[in-house]
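Right, one structure below, let's go through it.
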Amino acid sequence: MPLARPPTLSPDAAKRLSIASARSDVPPFMVMDVMAAAARLEAAGTHVIHMEVGQPAAPAPTAAIAAARAALASGRLGYTEALGHRSLRARIARYYSERYAVDVDPERVIVTTGSSAGFTLAFLAMFEPGDRVAIAVPGYPPYRHILTALGCVPVPIEVSEQTRWALTAESLIAAHRASPIQGLLVASPANPTGTMLTAAALADLTRSAEDAGIRVISDEIYHGLDYAFAAETAAKLSENAVIINSFSKYFCMTGWRIGWMIAPGPLVRSIERLQQNFAISVPTLAQIAAEAAFDGIAEMEEVKKGYAVNRRMLLERLPAAGLDAFLPADGAFYLYADVSRFSNDSLDFAKRMLEQAAVAATPGVDFDPVNGTKFIRFCYAGSSSDMTDAITRIANWLGG
Ligand SMILES: Cc1ncc(COP(=O)(O)O)c(C=O)c1O
């Protein structure tokens, strides 16, 4: 039964009670809109090849799934400590010594609900409203949208071919001189470009930022997925930097919503208090699975070989299909293709490619409102047969 409106409330007063706050007015994540359009086509019977969403087609490591099954069978799943299961935090710390030969104190490891929650916690713990945080453009859209929703100011720094599409110390310091910056968020491998910073470039950027009093956040979610050279962790370069990572990509666990951060010691208690209040703790089942995921590294390396095959196939065969201008695809599982030969409206290009070729990809405007009109992001984390099919469809579409 509909609720009766209190007779004293005017329609205008009632409307005011349900207005969304100005800070919640963030742009949509357009890739989700492409997904929705693809789903409509699929419902009508079209076989769509999905290259829009940045997620692996492979399942979580077998060991992770087995651990989760055993935990479910054992019955009760309670809260954990807000910072996460101690054994998982210790296992993550051990991963740093195994993978990067760096000692990380498990006390500095914080388990988060995907890296997405890590950003919210980091921004809240590090910045005041009005603080300015530098990010590369093109870049992952939620960086700027979360910062804006929290009252911080994203400072887009345009990157270009000249620096292999990476932020440099010079561009950061120039922006800082123009108007002081409090934070820097850097990602290598990056989304949407897939480009990477060398260890020396990341060290230079981190040192220059910290020398200027700029706090560094390093998004390392695509670590492990590199094809040209290994990614460096900022944990090796500074104990003041905040490292954000996740089980979503390398470990193929997007839907489990689990990630981690490494915070400077003095920030841990603040983040703990935020997490206690915001979430109590991260889902326990996902924490148990994540700890076991580290036993699945050999399996994940096999999955990565599949990405490498897909990457090579696309780089070799897309040019003949008509798309021949890409940014260097060093890591992650993305190809950022320049489609300006065909269109200066990447949203329209993506829509037509979906409707006419049944290949879903993400328009660059999601990542760069200005120059993104010329680019399309393809995710190659799907099966090799899908990639072959996509190349044929794109060739027929652009050629026809
Ligand atoms: C660069 C980057 N950072 C963070 C995320 C968030 O991932 P999650 O919350 O699943 O860890 C994504 C997801 O696509 C991403 O591309």
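This one's a predicted model, so the numbers in the text were calculated from it and none came from an experiment. Just follow the structure's listing: the first ligand is 1, and inside any ligand the first atom is 1. Numbering starts at 1 and runs along the sequence shown.
- Looking only at atom types and distance, the side chain of Gln287 has a donor-acceptor partner in the side chain of Thr80 under 3.5 Å away.
- Checked against a 6.0 Å centroid threshold, the rings of Phe251 and Phe294 count as neighbours.
- Taking Ser383 as the reference, Ser385 meet the side chain to side chain donor-acceptor pair (under 3.5 Å) condition, with sequence neighbours excluded.
- For ligand 1, the protein residues placed under 4.0 Å by at least one non-hydrogen atom are Gly114, Ser115, Ser116, Phe119, Tyr140, Tyr143, Asn191, Asp219, Ile221, Tyr222, Ser246, Ser248, Lys249, Arg257.
- Leu347 and Val34 fall into different hydrophobic clusters, defined by Ile, Leu, Val, Met, Phe, Trp and Tyr side-chain heavy atoms under 4.5 Å apart, directly or through other members.
- Looking at residues two or more places apart in sequence or on another chain, you find a side chain to side chain contact (heavy atoms under 4.5 Å, CB included) between Ala134 and Ile157, Leu172, Ile181, Leu184.
- Partners of Arg317 by side chain to side chain donor-acceptor pair (under 3.5 Å), not counting sequence neighbours: none found.
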